[in-house]
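Whatever order the structure lists them in is the order used to number ligands and atoms, beginning at 1.
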Amino acid sequence: MTDSVLPRDQILCGDNLELIRRLPDGCVQLVITSPPYFQQRDYGAGMGNEKHLDDYLDNLLRLFCECVRVVTPDGSLVFNLGDKYENSSLLLVPYRFAIAATETGLVNLVNSVTWVKKNPTPRQFRRRLVNSSEPFFHFVKSDAYFYNLDAFMVSDNAPKKPRTKSTNVGKRYFELIDQSDLPEEAKRNARLALEQVIQEVHRGQIAGFRMKIRGLHAEPFGGQDGGRQIQLEKNGFTIIRIHGNTLKRDVIETPVESIKGLKHPAIYPVKIVEEFLHLLTRPSDVVLDPFIGSGSTAVACKKLGRRVIGYDINPEYCESARKRVAETPSETLTLFGNTP
Ligand SMILES: C[S@@+](CC[C@H](N)C(=O)[O-])C[C@H]1O[C@@H](n2cnc3c(N)ncnc32)[C@H](O)[C@@H]1O
């Protein structure tokens, strides 16, 4: 299958293991998904109702290996799972899965990001606490995974309020680029990079920046600055981003969503998917959710200008997910206009 015929922005109805086998190797940048939890709900068909935990884990692992196959070498996989009690004891299903996944030797586990539910189902247990968290496991295929830490949890962790749009940020550098002796192409690239970094300041992703332009600014020394020296020689400019003191923690705190009119019983928050899209993908990247359910992943992708492929075995869920996506406005306005 060539890139041009890859199904994108589509929710396909069917068994995910059959559907994913039609995809070529290395064609999606991120798989993010929430498989049915072990023996928790009856979705009518598909996974989750295996009699034995080992069978459930085997089935999930089979699909996981296919997901690894279709992810690009610099891509990521994010799997969200919930736990279950049996004979008054937690089964530790998510962790059994994570261990089995790493033991395939195909992936590294970068983080177990904890979703803290602000509004867990109120239950009155006398002898245990109310469970109010779930892990999102972040796996990668290589150490060269794409990672945009500056874009993660910006609104929650911003070091200070995003600056109001001021036309002055970086204005001096545009003038310096014009005055420089750089070739036209290098000037064009410098202006684009400058626009990009100004946006990061406006969004509160970074506290500020400095730009150095060849011929106008003193050359950095070697050592830690060696990379910048090379950029200056090769590109004609370099940008130094100034980060605040924000600590990016492996926790996302957000409420469980219940969406009016949606029949699906296990919806995960669009906000969490959005944060992983910011962290692990670029605009226009392709994202796969093999258990798309009510379409939360597709909604987040549409909002942030990522392409999505979704699968679900239940035709009713596919239909309502498509409707939900159609009703979602696209908020993507990049520096260079709408993403294609
Ligand atoms: C936990 S839900 C996903 C919920 C989704 N994250 C959301 O926010 O709506 C799991 C979904 O997997 C689907 N499913 C189960 N087995 C499947 C299979 N073999 N192939 C495709 N979908 C399957 C179920 O119908 C269910 O909608």
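Results of the side-chain contact (heavy atoms from CB on, under 4.5 Å) test with L30 over D285, L280, L288 single out L280 as the only residue that passes.
Between F139 and F97, the angle of the ring planes goes over 60°, which puts this pair in the perpendicular group of the 30/60° scheme.
Applying the 6.0 Å contact sphere to CD of E185 captures no more than 12 heavy atoms from other residues, nucleotides or ligands.
Other members of a hydrophobic cluster containing I313 are absent, since no ILVMFWY side chain comes under 4.5 Å of it, directly or through relayed contacts.
The two residues L277 and R306 make their nearest non-hydrogen contact at O-NH2, 3.4 Å.
Figure legend: cation-pi geometry between R128 and F125, with NZ or CZ positioned under 6.0 Å from the six-membered ring centre and within 45° of its axis.
Listed by chain and number, residues touching ligand 1 at under 4.0 Å (heavy atoms only) are G14, D15, N16, S34, P35, P36, Y43, G46, M47, H264, A266, I267, Y268, P290, F291, I292, G293, S294, S296, D312, I313, N314, Y317.
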